[in-house]
Every structure is written in C-alpha cells, then in structure tokens.
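Here's the structure, in structure tokens; my notes come after.
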Amino acid sequence: MFDFSNKTVFIAGGTSGINLGIAQAFAEVGARVAVLSRSQEKVDAAVASIAAHGGEVIGFSADVRDYAAVEEALKAAHQQFGDLDVLVSGAAGNFPAKALGMSANAFKSVVDIDLMGTYHVLRAAFPLLKKPGASVINISAPQAFIPMAYQMHVCAAKAGVDMVTRVAALEWGKEGVRVNSVVPGPIEGTEGMARLAPTPDSQSRVADSVPLGRFGTTQDVANCCLWLSSARAYYVMGTVIPVDGGWALGGASELGKTFDALLSARE
Ligand code: COA
Ligand code: NAP
C-alpha cells in the first residue's frame, strides 16, 4: 500500500515502544531508517530489530536535551542517507506525580526532553529536510489538550509540542515541508502505559474508557505516520491527529483518578 523505497526517515526516540514500531513500519515499506536515543544498548538492539524488517538502518546515541549532539547525529544521518524525507520527534519522559510531589527539576526534566527536545530536533533537522516534500511528525499525547491530574509536567510539555507543530507549519509551508502532530491513545505494551496504568485493574479501567474498548497497538500509530508521510496526505498540514480509539473524547480525562490509589499507597 505504501512505498518508501529510496526515502530517508529519522526518528528521535526511535529505539523502543511506539517510536520503534514506527521505525519498523517504515523499514518494512523500504525506507532507510535512522534512530536516536540515549542508551547505546537500546540503540544497538533497535538497529538490529529494525533491520530485520528490511532496509538500511543506522543508530545514534544522544540526548535530545543536548542540541549539539542532536545536530551531530542528524548531520551524520544526512551524510550517509541523504535528505530527510520523514522526521519523527518522539523522545519523551513521563511519571505520575502531583504538582507538589515533584521537584522543580523533575518538572523541568520532562519539559526539557519533550518540548525542548522536539524544538532541538526540528531546529537542527530543518536544513537537512527534503524540500519540497518532507513530512515532520511530532509525537504528542492527549495531555496536550486534556488537563490530567498528576501530569502537570507532561500536559505543559506536550501542549508546547503541539504549538511547535502549528507554528512550524505556518513558517515552513512555503518550502513544502508539512508538519503535523500524531497523538497516540493508550498503547499496549509500552513504557508509557506501564508507568501510567501499571496494574491489571488500572489497565482494564483504561481499556473500558476507550470508546473502541481496547488499547491501541504500535502498528495503529505507525499506520497513521505512514499515511501522513505519503502522497495521500500531501494537503494535511499543521494538524493534531489523535490515534486513540476515541479516548480523547472523554475517557482520557479519567486517567488521573487511577493514580490516586497508586500514589497514595507509596506515600
Ligand atoms: N516522581 C517524582 N519525581 C521524579 C520521579 C517520580 N516518579 N521520577 C523522577 N523524578 C525526578 C527525580 O527525582 C529528579 O528530580 P531531583 O533532581 O529534584 O531529585 C528529576 O525527576 C530528574 O530525574 P532523573 O532520573 O535525574 O532524570 P533523567 O534525565 O535521568 O530521566 C525521566 C528523565 C525522569 C523522565 C525518566 O523517567 C526517563 O528517562 N524517562 C524516559 C522513559 C519514559 O518516561 N517513557 C515513557 C514515555 S511516555
Ligand atoms: P518509550 O518506549 O519510553 O519511548 C521513549 C523513547 O525516547 C525511547 O527510545 C527512549 O530511549 C527515548 N528517550 C527518552 N528520553 C530521551 C532523551 N532525553 N534523549 C533521547 N532519547 C530519549 O515510550 P512510549 O510509551 O513508547 O512513548 C513514545 C512516545 O509516545 C512519547 O512521545 C510519548 O509521550 C508518546 N505517547 C505514548 C503513549 C503510550 O500509550 N505509551 C500515549 C500517548 C503518547 P532511551 O531511554 O535510550 O533514551
């Protein structure tokens, strides 16, 4: 259905979970894939697993909070694979904590990874993007537009990510670069959900709160990214697209309640 042969895809945070699923999906349809994350071990494992889905793969160990390191990795990927057709910014951090239960540094860590990291990735990648034609996708979260208890840091950071998407779309459209956010719902088997719904009881409450009645899969999110980066979506620009079974329509705002029991047990 999609053909990304001879296309280059760079995925920041592409070594586990949803972003790894996106990387594997692009490799399956012929893309050259580059991934970046902090842990060299995770980078090595991800490169091997993406390569098993086909295509050429390279990986870089870097922290998205470090602009120079991000720029160096992007330039190295560009040198090896050429102009970037698709850029995905998905590195993120999350933990449930009350606003008063986290330090200023804890709040800042998430803002630095999610929001500053996304800015760094887009800022450093822009000169290396294919123009016209590149697709930039920021991986956001329902917290960007749904206030959620125990998630002040993530809500603030991801709201910023979606504004980065919209302003970049305004400024980069003239050069033929499309920028959109993809908003995963609760995705099974991911670190994010392990942190936010760690018990069987909280998991079944989350599944019940999704109109489609189930967790999503990494493939569900990857399918949207493939479409968004394909010729079928050439007029889709500056949007924030939930891939969440309808969770953002109401259920997501209930998530904070599942943290009450969880965190009060720790206090
Ligand atoms: N509750 C409250 N504060 C917490 C916390 C928690 N569960 N976990 C970490 N923190 C605080 C730390 O205490 C520290 O604050 P301090 O310096 O005042 O003590 C601050 O957050 C930074 O923690 P640190 O471990 O030094 O940061 P890091 O840069 O190594 O890691 C995190 C960043 C905290 C976001 C870490 O959870 C991470 O690496 N996450 C990536 C994976 C992930 O979250 N995946 C899901 C994506 S949705
Ligand atoms: P994950 O597996 O923990 O993925 C996070 C990725 O980012 C990892 O590859 C991690 O690798 C990397 N990373 C983290 N901090 C980094 C940093 N400072 N610099 C560089 N790389 C860093 O999490 P996930 O649950 O799949 O989430 C992926 C994305 O989807 C995130 O943007 C998240 O907000 C979003 N999302 C997830 C869900 C869900 O249900 N899971 C729902 C909505 C939105 P290293 O540890 O090696 O750095």
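Note that the structure is a prediction, hence the values are computed from the model and not measured. Atoms within a ligand are numbered from 1 in the order they appear, just like the ligands themselves. We use all heavy atoms of the structure for the numbers below, so side chains are in, but hydrogens, waters and symmetry mates are not.
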Exactly which residues line ligand 2, taking a heavy atom under 4.0 Å from it as the test? G13, T15, S16, G17, I18, N19, S37, R38, S39, K42, A62, D63, V64, R65, G90, A91, A92, I113, I139, S140, A141, P142, K158, P184, G185, P186, I187, T190, E191, G192, M193
Please determine if D83 and K7 form a salt bridge, counting it only when a charged side-chain N lies under 4.0 Å from a carboxylate O. no
Lys/Arg N to Asp/Glu carboxylate O, D201 vs R205, below 4.0 Å: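 Looking at D201 and R205, the cut-off is met.
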Set of residues satisfying side-chain contact (heavy atoms from CB on, under 4.5 Å) with respect to S109, sequence neighbours excluded: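 By the side-chain contact (heavy atoms from CB on, under 4.5 Å) rule, S109 matches R65, N105.
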Could you pull out all residues at least two apart from Q219 that satisfy side-chain contact (heavy atoms from CB on, under 4.5 Å)?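 With sequence neighbours excluded, Q219 shows a side-chain contact (heavy atoms from CB on, under 4.5 Å) to A25, T217, A222, N223, given in chain and number order.
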Those residues that, when tested against D85, pass side-chain hydrogen bond (donor to acceptor under 3.5 Å, both in side chains) (two or more places apart):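 Per chain and number, D85 pairs via side-chain hydrogen bond (donor to acceptor under 3.5 Å, both in side chains) with no residue.
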Under a 4.0 Å heavy-atom limit, does A106 contact ligand 1 with its side chain, its backbone, both, or neither?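 Contact part for A106 vs ligand 1: both backbone and side chain.
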One residue to check: K108. Relative to ligand 1, which of side chain, backbone, both or neither has a non-hydrogen atom less than 4.0 Å away?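 Neither; no heavy atom under 4.0 Å.
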Give yes or no for whether the N/O distance cutoff of 3.5 Å, strictly under, is met between E191 and ligand 1.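 There is no such contact.
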Using a plain distance cutoff, I'd like to know if S109 has any nitrogen or oxygen under 3.5 Å from a nitrogen or oxygen of ligand 1.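 No, there is no polar N/O contact under 3.5 Å.
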Atoms in ligand 1 flagged as close to [X], the criterion being non-hydrogen separation under 4.0 Å:
X    : answer
S103 : 15 (O), 16 (P), 18 (O)
N94  : 43 (C), 44 (O), 48 (S)
R65  : 29 (O)

Specify whether H120 and Y67 have parallel, tilted or perpendicular ring planes, treating 30° as the upper limit for parallel and 60° as the lower limit for perpendicular. perpendicular
What pair of heavy atoms forms the shortest contact from L36 to V64, and how long is it? CD2-CG1, 3.9 Å
Given the rule in the side chain to side chain contact (heavy atoms under 4.5 Å, CB included) test, do L196 and Q151 qualify, once you have shown the distances and angles that lead to the verdict? CA-CA 10 Å; L196 300 184; Q151 291 281 273; 4.0 Å; yes
Whether the T239 and N180 side chains hold a donor-acceptor pair (N or O, under 3.5 Å, no angle test) is what I'd like checked. yes
Is the shortest distance from a heavy atom of R38 to ligand 1 less than 4.0 Å? yes
Hey, would you say the H153 and F95 ring centroids sit under 6.0 Å apart? yes
